[in-house]
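Okay, structure first, notes after.
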Amino acid sequence: MDATRRNSSIVAADTEQVRKMSIANADMANLSEDAARATKNEQTMTLMEGLRLYPKAVGWSILLSAAIIMEGFDIVLIANLLAVPAFKRHFGQQLPDGSYEVTAAWQSGLTNGAYVGEILGLMINGIVAERYGFRKTMIGALSTVICLIFIVFFVQSIEQLLVGLILMGVPWGVFQTLTCTYAAEVVPVALRAYLTTYVNLCWVIGQFLASGVLKGVADIDSGWAYRIPYALQWIWPVPLIVGIFFAPESPWWLVRKERYDDAKKMLCRLTSRNKDPNFNADETVAMMKHTNELEKAASEGGSYIDCFKGTDLRRTEIAAMTWFVQAFCGSSFMGFSTYFFEQAGLDTSNAFSMSLGQYSLGAVGVFMAWFLMGRVGRRALYLYGQVIMCCILLIIGFLGIVPRSNTGTQWGIGAMLLIFTAVYNSTVGPVCYSLVAEMPSTRLRQKTVVLARNFYNIASIIGNILTPRMLNPGAWNWGAKSAFFWAGTCFGGLVWTYFRLPEPKGRTYGELDILFEQRVSARKFKDTVVQELHVDAASEYSTEKKDASAHLETVDSKK
C-alpha cells in the first residue's frame, strides 16, 4: 500500500477554519490545547468511568425523558381506543351486522391529528428552546399539557376529540426532540448512545402502561372506558415540572450563548469531580467552546435555513432520513398485532394481554440494543436490523395469502409481528434516537432534530392514512398482505442506510464536525483517523494576529 493511500484515511481541521478561529479568539493556542486534553479524556473514557463521573447527568436526563413515557401513553391511547367497544359505540358508525366501527377516514384523522399538532410544536420548539433553554421550554410545555387534558377528558363528539388531539400534539412535539437533545448534551461520548436510546425505552414503557389501562377499561360499558385513560394523563406533568425546575441547564447551550462561567457551574452540577482525577471542568468547557468556534468558522448562521447549507445539508438529510426509515420500515404495521389476535379468535381483553407481551418484548429489545451498540456500533445495528425486518415482513405477507378462516395462520401472523417488535426495538427503534441526536452540528442540533422529526411526522401521517385502509374490511381489505408493501419500503431504507448513514460511535462532536467538513464517505467514517488540532498551527495564527496588531499600533504612533 503506497503512502498516499495510507494517508487517505486521515483527516484534520481545515486550515482556513483554523485561521478564522484564531482571528476570533486571541488565546486560541491555549484553547486548542485544553480542548485536545478534554477530547482525549472523553475518547478514552469507559462506560463505567462515565457512570462514576456523570451519575447526576444520567439522573437528570432520565427525569426529562420521563415526559416521553407520558407521550407514549397518549399515542397508544389514540390508536388502541379504536378497539374499545364503548369508544366505538360513542364515536363510530353501526355496520350492517349490528356492530360499531370508527370509519377508516376518522381512524386516520384521529391518529394524524396529534401529528399535525406535533409538527407545529416542533417548529416552535426549535426556536424557543434555543432562545430560552431546555428547562424553561420543558416547563412551559408541561404546563400547557395540564390545561389541554381538559378538552379530551370532557369531549362529546369525534370532532371535539380531533381538535383536542391536535392541540395536545403541540407540547408533545416539544417532548419528542428536547428530551433527546438534552441527553446528547449533558453526558460524555461513553454514555451518549445509552441515554439517547433510553428515550425509546420510555416510549415502550408508556405504551405498556397504556395497554394495561385499556385492558382494564375494555369491559366498561360507558364513557368512562375512554375518560379514565385520558384522566390518568394528569398524573405526569406536575411531578415533572417540579423536578425539571431544579435541573441544570445544558452546558452546551450556555456555551453557545457565550455564558462560559455558567456552563462550568452546570458542568460541575452534572458531575462527581472527585471520581476522576483526569477530569477538568475548564478543559471540558474549552472543548465545547472549541467545537462551537469550529462550527462558527464553517457556518455563522443558526437558523432553519442554515440547516440546508454546506455540509449541514448532508447532516440534515442523514438525520431526517434516519427517522424516515424508522417510520417506513413497517413500524406502523407493528401496532396492529392486536387486530390479528382478534382475527385468530381472541376476545378484546386477551388481545390486549398479547399487546402487553409485545411491549414487554420491546423493553427487552432496548436492553439488547444497549448491549449490541457498544460492540457493533450504530450503523451496523441499524443496517442489519432492517435486513431481518424485511425478511419478517415478507413472511407475514406470504402468510396473508392463506385464507383468513385459517386460525393457525392468524396466530402465525401475530407471532411474527411479536418477533418483528423484538427486532425493531433491538435495532432501528432505539438506535434512531442516538443517530439523530449525534449527526447535527451542535449549533444547529435543536433545529436539525426538529426538521428531522417533522420529516418523521409527515411519513407517519402518510403511514397512518395507508395502514387503516390496508387493513380495514370496509376499505382496501389487504390484511396481512399489506406486509409486502412495507417490505418494499423497508428495503428502500436499507439501501439508503448502506450508502449514506455514517458511524458516529466513539466520536466527539468536534471530530464529527471535521469528518463532515472533509466530506468523508459514510462507509469510511468508522476507520478514518481525525488528527488533533495542532496547537502550533493555532499559535502561529495567534502570533500573526498579534504581530499585525503591533504593526498597526506602530503605524498609528508615527502619525
Side-chain angles (χ1 to χ4, degrees), residues 46-47 50 65 68 180 183-184 187-204 315 317-331 334 358-359 361-393 418-440 449 452-453 456 459 486-487 489-508 511-512 515 520-528:
T46 65
L47 173 62
S65 296
I68 296 296
C180 189
V187 295
V189 172
L191 302 179
R192 202 165 61 202
Y194 300 95
L195 270 299
T196 50
T197 54
Y198 173 75
V199 171
N200 191 75
L201 180 60
C202 291
W203 266 94
V204 174
R315 301 174 86 155
E317 175 229 325
I318 292 169
M321 281 301 299
T322 300
W323 240 326
F324 180 87
V325 167
Q326 191 196 52
F328 258 63
C329 67
S331 57
M334 176 178 64
Q358 175 179 325
Y359 294 128
L361 283 174
V364 173
V366 175
F367 293 115
M368 282 295 298
W370 287 353
F371 174 78
L372 294 169
M373 273 192 301
R375 288 159 176 78
V376 302
R378 274 73 118 181
R379 171 186 159 89
L381 205 54
Y382 212 71
L383 186 70
Y384 293 122
Q386 290 174 76
V387 171
I388 299 171
M389 288 190 297
C390 192
C391 294
I392 293 172
L393 288 167
L418 290 179
I419 297 172
F420 183 93
T421 300
V423 175
Y424 171 85
N425 283 292
S426 301
T427 56
V428 172
V431 176
C432 173
Y433 289 94
S434 178
L435 288 167
V436 169
E438 292 176 300
M439 286 299 128
V449 174
R453 185 66 186 189
Y456 166 87
W486 296 115
T489 58
C490 186
F491 180 76
L494 170 63
V495 173
W496 175 88
T497 300
Y498 179 77
F499 288 104
R500 298 294 291 170
L501 184 66
E503 174 58 76
K505 177 176 178 283
R507 300 290 191 183
T508 64
E511 286 181 298
L512 289 173
L515 288 166
V520 175
S521 166
R523 285 169 288 169
K524 295 181 180 179
F525 256 58
K526 180 180 178 180
D527 300 318
T528 301

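Since the structure is predicted, the reported quantities are computational estimates derived from the model, not experimental observations. Heavy atoms only: backbone and side chains are in, while hydrogens, waters and symmetry mates are out. All residue numbers in this chain count up from 1 along the given sequence.
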Item to complete: Apply the side-chain contact (heavy atoms from CB on, under 4.5 Å) test between Cys432 and each candidate in Thr427, Thr322, Val325; give the one that qualifies.
Response: Thr322

Fill in: Side chain proximity check, Pro502 to Ile318, heavy atoms < 4.5 angstrom
yes

Fill in: Matching residue for Glu438 among Arg378, Arg507, Arg315 - test: salt bridge (Lys or Arg N to Asp or Glu O under 4.0 Å)
Arg378

Fill in: 4.5 Å side-chain heavy-atom contact, Arg379 and Tyr498
yes

Worksheet item: Can you check side-chain contact (heavy atoms from CB on, under 4.5 Å) on Tyr198 and Trp370, steps first, answer last?
Response: CA-CA 9 Å; Tyr198 173 75; Trp370 287 353; 4.0 Å; yes

Worksheet item: Where do Cys490 and Leu393 come nearest, in terms of heavy atoms and distance?
Response: CB-CD1, 4.2 Å

Worksheet, complete the sentence: Closest non-hydrogen atoms of Thr197 and Ser434, given as atom of the first, atom of the second and distance, are CG2-CB, 3.8 Å

Discussion item. Testing the 3.5 Å rule here: is there a donor-acceptor pair between the side chains of Trp496 and Gln386?
Written reply: no

Worksheet item: Once you round to the nearest 0.5 Å, how far does CD of Glu503 lie from CG of Leu512?
Response: 10.0 Å

Discussion item. Within the structure provided, determine whether Leu191 and Pro188 are in side-chain contact (heavy-atom separation under 4.5 Å).
Written reply: yes

Worksheet entry | Heavy-atom check, side chain of Val376 versus side chain of Tyr384, under 4.5 Å | no

Response to the item:
When every non-hydrogen atom of Pro430 is compared with those of Ala369, the smallest separation belongs to CG-CB, 3.6 Å

Fill in: Residue pair Trp486, Phe420: steps toward the side-chain contact (heavy atoms from CB on, under 4.5 Å) verdict
CA-CA 12 Å; Trp486 296 115; Phe420 183 93; over 6 Å; no

Item to complete: Fit a plane to each ring of Tyr456 and Trp323, take the angle between them on a 0 to 90° scale, and name the class: parallel (under 30°), tilted (30 to 60°) or perpendicular (over 60°).
Response: tilted

Practice prompt. May I ask you to test the Glu511-Pro504 pair for a side-chain heavy-atom distance under 4.5 Å?
Written response: no

Worksheet item: So how far is it from Thr508 OG1 to Arg192 CZ, rounded to the nearest 0.5 Å?
Response: 7.5 Å

Worksheet item: Which distance, rounded to the nearest 0.5 Å, do you find between the CD1 of Ile392 and the OH of Tyr424?
Response: 13.5 Å

Fill in: Nearest non-hydrogen partners of Ser426 and Met368, listed with the distance
OG-CB, 3.9 Å

Response to the item:
Distance col, row Lys505:NZ vs Met373:CE, nearest 0.5 angstrom, shows 10.5 Å

Worksheet item: Do the rings of Phe324 and Phe328 sit parallel, tilted or perpendicular, given the 30° and 60° boundaries?
Response: parallel

Fill in: Nearest atoms (heavy-atom pairs only) where Pro440 meets Val449
CG-CG2, 4.1 Å

Worksheet item: About how many Å separate CG of Leu515 and CZ of Phe525, when rounded to the nearest 0.5 Å?
Response: 4.5 Å

Worksheet item: Do Glu317 and Arg500 come close enough that some side-chain heavy atom pair is under 4.5 Å?
Response: yes

Fill in: Nearest heavy-atom neighbours spanning Cys390 and Ala487
SG-O, 3.4 Å

Discussion item. The test is side-chain contact (heavy atoms from CB on, under 4.5 Å); show your working for Val187 and Tyr194 and say whether it passes.
Written reply: CA-CA 10 Å; Val187 295; Tyr194 300 95; over 6 Å; no

Discussion item. Against the six-membered ring of Phe371, is Arg375 placed for a cation-pi contact (under 6.0 Å from the centre, within 45° of the normal)?
Written reply: yes

Fill in: CH2-OG distance between Trp203 and Ser65, expressed to the nearest 0.5 angstrom
13.0 Å

Fill in: Residue that, paired with Leu201, satisfies side-chain contact (heavy atoms from CB on, under 4.5 Å) out of Val366, Asn425, Ile68
Val366

Worksheet entry | 4.5 Å side-chain heavy-atom contact, Leu501 and Leu383 | no

